Structures are given as structure tokens and as C-alpha cells.
Participant: 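Please see the structure below; I have some questions.
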2 protein chains.
Amino acid sequence: MKKYLKVLKKCPLFTEIEEEDLLRMLVCLGARVEFFDKKYTVFSEGSPAKFIGIVLSGSVQIVQVDYYGNRSILSELSASEVFAEAFACAETPALPVSVIMCEPGEVMLIDCSHILHTCHNHCGFHQTLIFNLMKDLAMKTIIFHQRVEITSKRTTREKLLAYLNVQSQKAGKDSFDIPFDRQELADFLVVDRSGLSAEIGKLKKEGVIDVEKNHFTLLM
Amino acid sequence: MKKYLKVLKKCPLFTEIEEEDLLRMLVCLGARVEFFDKKYTVFSEGSPAKFIGIVLSGSVQIVQVDYYGNRSILSELSASEVFAEAFACAETPALPVSVIMCEPGEVMLIDCSHILHTCHNHCGFHQTLIFNLMKDLAMKTIIFHQRVEITSKRTTREKLLAYLNVQSQKAGKDSFDIPFDRQELADFLVVDRSGLSAEIGKLKKEGVIDVEKNHFTLLM
DNA sequence: CTCCTTTTGTTGAAAATTCAACAGAAATTT
DNA sequence: AAATTTCTGTTGAATTTTCAACAAAAGGAG
């Protein structure tokens, strides 16, 4: 497990926990690591939510597909980010989303019942873990709010600009990469891909943005 | 505070906490109760998030308004439900939403720093509180996912039907009330009110649903 | 390097949403 | 009980999105 320490220390689940404590803790929690190839389904919609996942390398997407085949992308997560924690904590009988490997890499899986139902009052690290989980879930809720704010816009243009503003703020720069290709961005914004392409073209021509593949620059 | 016990016991924040402990705890947390009239703004967008709110009576709406004046309704909460907890826990400098009193009533306010930063390791109730907060935030995240699932549909009809299905499941019946008037429902689903009215009319004519004001029945 | 697959931008037609405006119904106030 | 305000359903026109199809560009495999 030692080789994952660097990534894990950045994981919001483990803030305020020292390296050696962390290592012991992982054993106690029964954490295991698995490697997945690109496009592999780590968790699939409908299966029971038992595990919390942590991205160690590569990246994953959280995806929802309705019965018309419309895909919506909820988020893309990279190293040291946590996924499925809300469902695992709430002990949901069926996951409403799938988790797909986006860039091949390793994922740490922790059976959430080990966090929720064991040594409730004694172990100090355990309490810290619950506290961190709470903080993490609060943060996730806020990110969800941002998504709602973006997808609540009525037009493709407004959604795109709202998204780019959030990304720009997140990057702290006017110039930044986005983690989606065009189809994925469309699925995230809940719009049609061709319409999105057209809108990007317009904004470019109007001098509002500059685009080079996945690299965007806000000009005004 | 005694007269609020019945409502507070149903509050997800206080599960597993005995009445007398709860009363002492509320004092320790500096909880206070305020009455607000209909349409009163309890928290307003942009203000710092310091307090967790609990609806004691009446109801509140969580609302977001963009600079075009488009309102989107995130949720409506009634007695014993908690609001603003995510922002308070994450200590967000500026609330991204407003909380508006919908039906006049009382609200309990708890300064979240009293939950996050005090007697971290000692008091047992405190730990239970953090655990409950974590559970509550997990649940909120899941409700958010439902909202995303609904608003990710491409047409007014699909959004409406997805919403009604969720409400029906929640009620455990095919027949149920919704907490929104038409304009509010439109703002929740992110669609145009007149288009929504038209769609409701169609579904009624087609025999898919039955509607009487805010009471809906799924027929198929 | 070439072949094959995936991604992207463009098009035009069809479908759906939005917008503004209005009138009747329902609810609230005086 | 009358007057006023709010809510709802309807309309038609304008706008926007969606959909399907295609070709150029980019990327990957052998």
C-alpha cells in the first residue's frame, strides 16, 4: 500500500491522518486495490452500493443512462478523488449511476460498512474518517449545486458559458483544459452535440472564446 | 424548546439521540428559533453560510436565480427537514442559493461552527451529530441525483413523467399531491410554464394521468 | 506509412421549446 | 359581497434544439 501514500494523502477522506496511521487503517478497513482498463465498468447501475471508491491513477466518469439511451455525465474524477460515497453511506440498495473507467488505472475499494458500523465510539481515526466523509459529502453537494446552476440555463450557449466560467474559476485562469471531448461535454450539459459544436463555433467567431481542442480561453 | 421535541425527533440530524440529551444539546449548540412570514428570505444568495436550518413548521424553498431572472427551484422542505447544511459544513463564503419561506412558520438555526469545531473528541452526542450529518448529506446527494435524472430528460413530457414517477414512488401510491404550483413545477423541471400546462393537458387527454390542481394520479 | 476507427464540424428539415399576451378561474383582501 | 390579485390554460409566432446524415480531420493500430 505504501506506493499509494502520495495519492492517498491528497484524498479528502484522509486529511488530518498521519501516514503510518493511514497504513494501519487501510488494513483495518480491508481496503483493496484493483486495476481497470479503459471503458471498464467499475460499478454498474442497479447493483447495490457497498463500496467507496478512490481513484489512484487514471480517471473515472460517473454516468447515468435512461431507457431511451440518453447518457448524462455527472462528473469526471481523477487521482485522489472519491466516488460512490453518498450511495455507500446511505446504503442504497441499487446504484442510480454507473462508474466507468475513463483513463486506465487503479482504484481503491473500501467496504463502507467497515466505516459505518465498526468501533463506533472508540477509535479516534475512525471518528476523523467520519468527519472527513461528512466534509467530502458537503463538498460534493456544492459541486452538484454548480451543475444544477449550469444545466438550469435554457440555451446551449448559456449552459456552455456558465460551464466555462466555473472551469475558469476552478483553474484560477482564463485559459484552461476541460476533461471532456465534445460528445461528453454535450452529455454533461444535457444538450445536442451538433448544436454544441455549432455554438462553440459561433462564440469563437464572435471573439468571446478561443478554442483548441480541449483547451479553452475566455476572451471577455 | 420542549414544544419542538416532537418535530425535532423526526429530524435526521437527531436520530439516536434521547429527548433529554437533545434538549441539553440544543442549549449547548446555541440553537435559536425564529418565526418567518410567507415569502420572507431566511438566507439570501451571496451571504456567508454559517447556520444550519431546520424547518419546525411551515415550509421553505431552496431557490437559485440567475442574472437573467430565471428562477430555478431546487427543493421544497417541510417540518423536520434540514437545509443549508452542505454550505454550512463546507463553510462556504457565499451561499449559492436563497432560502425562502413558503408557508409561514418557525425555523431553528444552529451555528454550524458549534458542530464542527467544538469538543471534537470528547462528547458522545457530538460524534453522533456528526455521524447524522454525514448520513443526511449522503441522503441529500441522492435526492440531488434524482433531480439530475429528471432534469436531464430532453423534453417537457419526459421531465414531467420522470418527476411524477419519483413522487409516486415517494408516496408509495399512484395518487399523490405535489408541493408545487404550476409555475414552481416549471421552475423545478427547468421548462416553460405554458409549455408545461399544455403538456399536462395532453397527458390528461391521452389518459396517462389524472390531475386535479396539485393532486396527480398516474393511470398507466 | 497506410488503413481503420473515432471525433468533429456542417447542413437542412422536423420537432419542441420559449415568449408574450390574454381571458377565465380561483383565491385573497378589503 | 365586491374588488383585486394570483394562478392557470390557450394561442400563435419566433427561436432553439434535436435528429440524421455526411465529409473532413485527427488519432491509433498494424
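Model, not experiment: these values are computed from the prediction. So that the names make sense, note that chain A is the first sequence line, chain B the second, and so on, each numbered from 1.
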Participant: May I have the distance from A/Leu196 (atom CG) to C/dT8 (atom P), rounded to whole angstrom?
Facilitator: 10 Å
Participant: Rounded to whole Å, please give me the gap between CZ in B/Arg71 and P in C/dT18.
Facilitator: 15 Å
Participant: Decide whether B/Gln183 and B/Asp187 meet the rule of one side-chain donor and one side-chain acceptor closer than 3.5 Å.
Facilitator: yes
Participant: Ignoring backbone atoms, establish whether A/Arg154 has a side-chain N or O less than 4.0 Å from OP1 or OP2 of C/dT18.
Facilitator: yes
Participant: Give the nucleotide from the list C/dT17, D/dT17, C/dT8 with an atom nearest to the side chain of A/Glu199.
Facilitator: D/dT17
Participant: Got a list of protein N/O to nucleotides 20-30 of chain C N/O distances below 3.5 Å?
Facilitator:
| unit_1 | atom_1 | unit_2 | atom_2 | d |
| --- | --- | --- | --- | --- |
| C/dA27 | OP1 | B/Lys213 | NZ | 3.2 |

Participant: Rounding to an integer number of Å, can you tell me how far B/Asp181 CG sits from D/dG9 C1'?
Facilitator: 14 Å
Participant: In whole angstroms, how far is the P atom of C/dG9 from the NZ atom of A/Lys205?
Facilitator: 13 Å
Participant: Does the side chain of A/Ser197 get closer than 4.0 angstrom to OP1 or OP2 of C/dT8 through an N or O atom?
Facilitator: no
Participant: Could you state the atom-to-atom distance from CD1 of A/Ile178 to P of C/dT7 in whole Å?
Facilitator: 14 Å
Participant: For B/Asn214 and D/dT6, what is the distance between atoms CG and P respectively, to the nearest whole Å?
Facilitator: 18 Å
Participant: Does a side-chain N-to-carboxylate-O contact under 4.0 Å join B/Lys135 and A/Glu91?
Facilitator: yes
Participant: Take the protein atom CD of B/Gln183 and the nucleotide atom P of D/dT10, then report the distance between them rounded to whole Å.
Facilitator: 17 Å
Participant: Strictly by modelled atom types, are B/Ser59 and B/Ser78 linked by a side-chain donor-acceptor pair under 3.5 Å?
Facilitator: no
Participant: Among side-chain atoms of B/Asn132 and B/Thr15, is any donor-acceptor pair under 3.5 angstrom?
Facilitator: yes
Participant: Looking at B/Lys153, B/Lys205, B/Arg193, B/Arg157, which one forms a salt bridge (charged side-chain N to carboxylate O under 4.0 Å, His left out) with B/Glu199?
Facilitator: B/Arg157
Participant: side-chain hydrogen bond (donor to acceptor under 3.5 Å, both in side chains) with A/Gln61: which of A/Lys39, A/Glu103, A/Glu184?
Facilitator: A/Glu184
Participant: More than 12 heavy atoms of other residues, nucleotides or ligands under 6.0 Å from OH of B/Tyr40: is that the case?
Facilitator: no
Participant: Rounding to an integer number of Å, can you tell me how far B/Lys153 NZ sits from C/dT17 C1'?
Facilitator: 18 Å
Participant: Which is more 5' along DNA chain D, the nucleotide nearest A/Lys202 or the one nearest B/Ala198? Just name the residue.
Facilitator: B/Ala198
